[in-house]
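Note that ligands are numbered from 1 as they come in the structure, with each ligand's atoms numbered from 1 the same way.
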Amino acid sequence: MEDAKILVTGANGQIGTVLTKALKATYGDTHVIATDIRPATQGMWKTHILDVTQRSALEEVVHREKVGYIFHLAALLSATAEQKPQQAWEVNMSGWTNVLEVAHAQGVRRVFFPSSIAVFGPHTHRQLAPQFGPLTPTTIYGVTKVAGELLGQYYWHKYGLDVRSLRYPGIVGYQSLPGGGTTDYAIDIFYKALQGQPYTCFLNPDTRLPMMYMDDAIRATIELMKAPVSKIRVRIGYNIAAMSFTPAQLAEAIRTYIPDLQVTYRPDFRQEIAASWPEQIDDTHARNDWEWQSHFDLDAMTQDMITHLKDNAMALSQSQQ
Ligand code: SER
């Protein structure tokens, strides 16, 4: 991706924050254009303010900067989308249509679409969701992800636009905060645990979901986008997997380091969303096609999260002294 500029939409979101940083570290600050509807909170980089539903604004920046690669991360997550279905359709679908149209018209080389385990629904095998199987999501978020995957595949077949996609599990990381997702509990719980506070979980203790550590998710994204075109044999979202756990299992893993952690369970509307998703997904295609492999399991993730969040808290308290 050295040969042309990289544009990231949603650069200040949960995944965007970490992906943009990684891309800038590899390819150089000015080679990567961070765009978002909001400025970066910690002033990490200059954000080009961009609303992806405004096609002409997107067109202008892609043209001016001669963008060759787009990572399109701007989207509403599952829980927010369920509260605002119309807006979710608008942002998730119009935004993506605009990216595809502009990429096609301007000769962009490669485009990344973040899909999700939310593409699955009640007709999917719950214990191990296959790469190719029924996609009957019951959430609006899942509907936009299925439609988005298929639209991306269509642009590949119709125009040869090199669209690549991953079905992310719930992503856990210390670098950024999630917003409006059903899997957000798995990050919130670490903050409460480290503050010595009890945590009230919005999912039932036995809700098992596919999850991944942020470092693995970022590596998967960059490896997929760097892979030679001949290796990409799936043009809908690739299933990628790392681990699956329940809130009770995560709490137990955290208690290895913070034995006093108290968790109570008060499931809300997000329980129904989680219950419509599979417990585990089969990522054989990603492993075979472009040698995908995860590095972090539940224990490695928990240890790394706690180490980094402790360091962050220490740095914060020192900077305030
Ligand atoms: N982590 C996402 C969410 O909970 C799933 O893609 O919405």
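The two residues Val119 and Arg167 make their nearest non-hydrogen contact at CG2-NE, 3.5 Å.
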Only distances under 3.5 Å count here; give the side-chain donor-acceptor pairs of residues 208-218 to other protein atoms, sequence neighbours excluded, each with its distance to 0.1 Å.
from   : atom 1 : to     : atom 2 : distance (Å)
Arg208 : NH1    : Glu279 : OE1    : 3.4
Arg208 : NH2    : Gln280 : OE1    : 3.4
Tyr213 : OH     : Asp304 : OD2    : 2.9
Asp216 : OD1    : Arg219 : NH2    : 2.8
Asp216 : OD1    : His295 : N      : 3.0
Asp216 : OD2    : His295 : N      : 3.0
Asp216 : OD2    : Phe296 : N      : 2.9

Under 3.5 Å donor-acceptor pairs involving side-chain atoms of residues 128-136, not counting sequence neighbours:
from   : atom 1 : to     : atom 2 : distance (Å)
Gln131 : OE1    : Asn239 : N      : 2.8
Gln131 : NE2    : Gly237 : O      : 2.8
Thr136 : OG1    : His123 : ND1    : 2.8

Could you give the N/O to N/O pairs under 3.5 Å linking ligand 1 and the protein, each with its distance?
from     : atom 1 : to     : atom 2 : distance (Å)
ligand 1 : 1 (N)  : Thr183 : OG1    : 2.8
ligand 1 : 4 (O)  : Ser78  : OG     : 3.4
ligand 1 : 4 (O)  : Thr182 : N      : 2.6
ligand 1 : 4 (O)  : Thr183 : N      : 3.2
ligand 1 : 4 (O)  : Thr183 : OG1    : 3.3
ligand 1 : 6 (O)  : Ser116 : OG     : 2.6
ligand 1 : 6 (O)  : Tyr141 : OH     : 3.0
ligand 1 : 7 (O)  : Ser78  : N      : 3.1
ligand 1 : 7 (O)  : Ser78  : OG     : 2.6

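Residues Tyr141 and Ile273 have side chains not in contact (no heavy-atom distance under 4.5 Å, counting atoms from C-beta outward).
Note: Trp96 and His72 have parallel aromatic rings, judged against thresholds of 30 and 60 degrees for the angle between ring planes.
When the ring-ring contact (aromatic ring centres under 6.0 Å, His included) test is applied to His308, the partners found at least two apart in sequence or on another chain are Tyr174.
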